[in-house]
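First up is the structure itself, then whatever we jot down about it.
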Amino acid sequence: QVQLVESGGGLVQAGGSLRLSCAASGRTFSSYAVGWFRQAPGNERDFVAAITWSGGSTYYVDSVKGRFTISRDNAKNTVYLQMNSLKPEDTAVYYCAAAAGSAWYLYRAGQGYNYWGQGTQVTVSS
């Protein structure tokens with residue numbers, strides 16, 4: 001079992017930056033792949049980025065490539081999403097999720113996640 005808590009959301013102007021954190025409980029968090037998702041009002045939840053348990057591999061959807069960076073510090077049981085050059089269309093509730101196992105081909109496609117946080121709101125004003 002792992003519990004996830006997101007933080008770091010807020011209101012920022014277009015072109016600004018935010019860093020989201022996903023703090024996890026559980027001694028085995030370092031063995032989980034982690035993904036970030038987002039859901040804008042009226043939309044389905046979309047996959048944004050993922051990172052393997054070691055941090056050795058990452059994956060991003062095209063809309064955030066070059067602007068967002070996912071990273072992790074397993075000593076702190078935390079995964080980060082650094083978001084730069086934010087756009088109004090990045091406005092959403094952002095969720096982190098964790099996946100036990102080794103099916104990276106699923107996780108990098110936004111599938112197979114077992115545990116979810118409650119989300120943090122990111123609002124980008126134009």
Side-chain angles (χ1 to χ4, degrees):
Q1 285 281 353
V2 63
Q3 293 182 328
L4 306 173
V5 178
E6 302 93 337
S7 62
L11 174 64
V12 64
Q13 289 187 333
S17 298
L18 284 174
R19 188 177 80 158
L20 305 184
S21 297
C22 173
S25 63
R27 292 177 294 175
T28 61
F29 180 67
S30 60
S31 65
Y32 287 72
V34 174
W36 282 97
F37 295 74
R38 64 187 180 185
Q39 186 169 20
N43 290 359
E44 295 185 351
R45 187 166 57 194
D46 293 326
F47 172 63
V48 175
I51 189 167
T52 55
W53 67 270
S54 67
S57 293
T58 58
Y59 185 84
Y60 303 90
V61 296
D62 287 345
S63 59
V64 306
K65 279 182 183 176
R67 301 189 299 122
F68 290 12
T69 302
I70 189 171
S71 62
R72 69 190 299 161
D73 184 342
N74 284 339
K76 296 183 178 180
N77 274 7
T78 302
V79 171
Y80 304 98
L81 186 67
Q82 177 68 44
M83 306 186 296
N84 298 329
S85 302
L86 283 162
K87 304 175 181 179
E89 52 263 44
D90 294 317
T91 294
V93 177
Y94 283 71
Y95 300 88
C96 65
S102 58
W104 177 238
Y105 72 100
L106 287 178
Y107 310 148
R108 67 194 296 269
Q111 300 176 36
Y113 289 89
N114 311 102
Y115 305 99
W116 293 84
Q118 294 301 307
T120 185
Q121 176 70 47
V122 172
T123 303
V124 184
S125 63
S126 57

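In what follows, every heavy atom counts, from backbone to side chain, and hydrogens, waters and symmetry copies are set aside.
Taken from CH2 in W53 to OG in S31, the straight-line distance is 8.5 Å, to the nearest 0.5 Å. Considering CD of Q3 and OG of S25, their distance stands at 4.5 Å, rounded to 0.5 Å. To the nearest 0.5 Å, the span separating CG on N77 from SG on C22 amounts to 10.0 Å. Taking OG from S30 and NZ from K76, the interatomic distance works out to 15.5 Å, rounded to the nearest 0.5 Å.
Residues V124 and V93 fall within the same hydrophobic cluster, defined by Ile, Leu, Val, Met, Phe, Trp and Tyr side chains chained together at heavy-atom separations under 4.5 Å. V61 and Y80 fall into different hydrophobic clusters, where Ile, Leu, Val, Met, Phe, Trp and Tyr residues are linked whenever their side-chain heavy atoms come under 4.5 Å apart, directly or through other members.
Shortest non-hydrogen contact noted between A49 and L81 is CB-CD1, 4.4 Å. Taking both residues in full, the closest heavy atoms of L18 and L86 are given as N-CD1, 3.9 Å, listed atom of the first, atom of the second, then distance. Closest heavy-atom contact between S63 and R38: OG-NH2, 3.6 Å. Closest heavy-atom contact between A98 and V2: CB-CG1, 4.2 Å. Closest heavy-atom contact between A24 and L4: CB-CD2, 3.6 Å.
When side chains are defined from C-beta on, S17 counts as touching N84, because their heavy atoms get closer than 4.5 Å. When side chains are defined from C-beta on, W116 counts as touching R45, because their heavy atoms get closer than 4.5 Å. Contact of the T91 side chain with the Q121 side chain is registered, since non-hydrogen atoms from C-beta on lie closer than 4.5 Å. Between V122 and L20, the closest side-chain pair of non-hydrogen atoms falls below 4.5 Å.
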Should Y32 and Y115 be marked as a side-chain contact (heavy atoms from CB on, under 4.5 Å) after you check the CA-CA gap, both sets of side-chain angles, and the distance that decides it?
CA-CA 10 Å; Y32 287 72; Y115 305 99; 3.5 Å; yes
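Put simply, the side chain of S126 never gets that close to the backbone of P88: no donor and acceptor are under 3.5 Å apart. Checked by atom type and distance alone, the side chain of T58 never pairs as donor or acceptor with a backbone atom of I70 at under 3.5 Å. In this structure a side-chain-to-backbone donor-acceptor pair under 3.5 Å is present from E6 to C96.
Taking the six-membered ring for Trp and thresholds of 30 and 60 degrees, Y59 and F47 have nearly parallel ring planes, at less than 30 degrees apart. Ring planes of Y107 and Y113: tilted class, angle from 30 to 60°.
Partner of Y60 under the side chain to side chain contact (heavy atoms under 4.5 Å, CB included) criterion, chosen from I51, T69, V48: T69.
Cation-pi geometry between R72 and F29 is satisfied (NZ or CZ under 6.0 Å from the ring centre, within 45° of the ring normal).
By the 4.0 Å N-to-carboxylate-O rule, D90 lies too far from K87 to be salt-bridged with it.
In Q39, the CD atom is crowded: over 12 heavy atoms of neighbouring residues, nucleotides or ligands sit closer than 6.0 Å.
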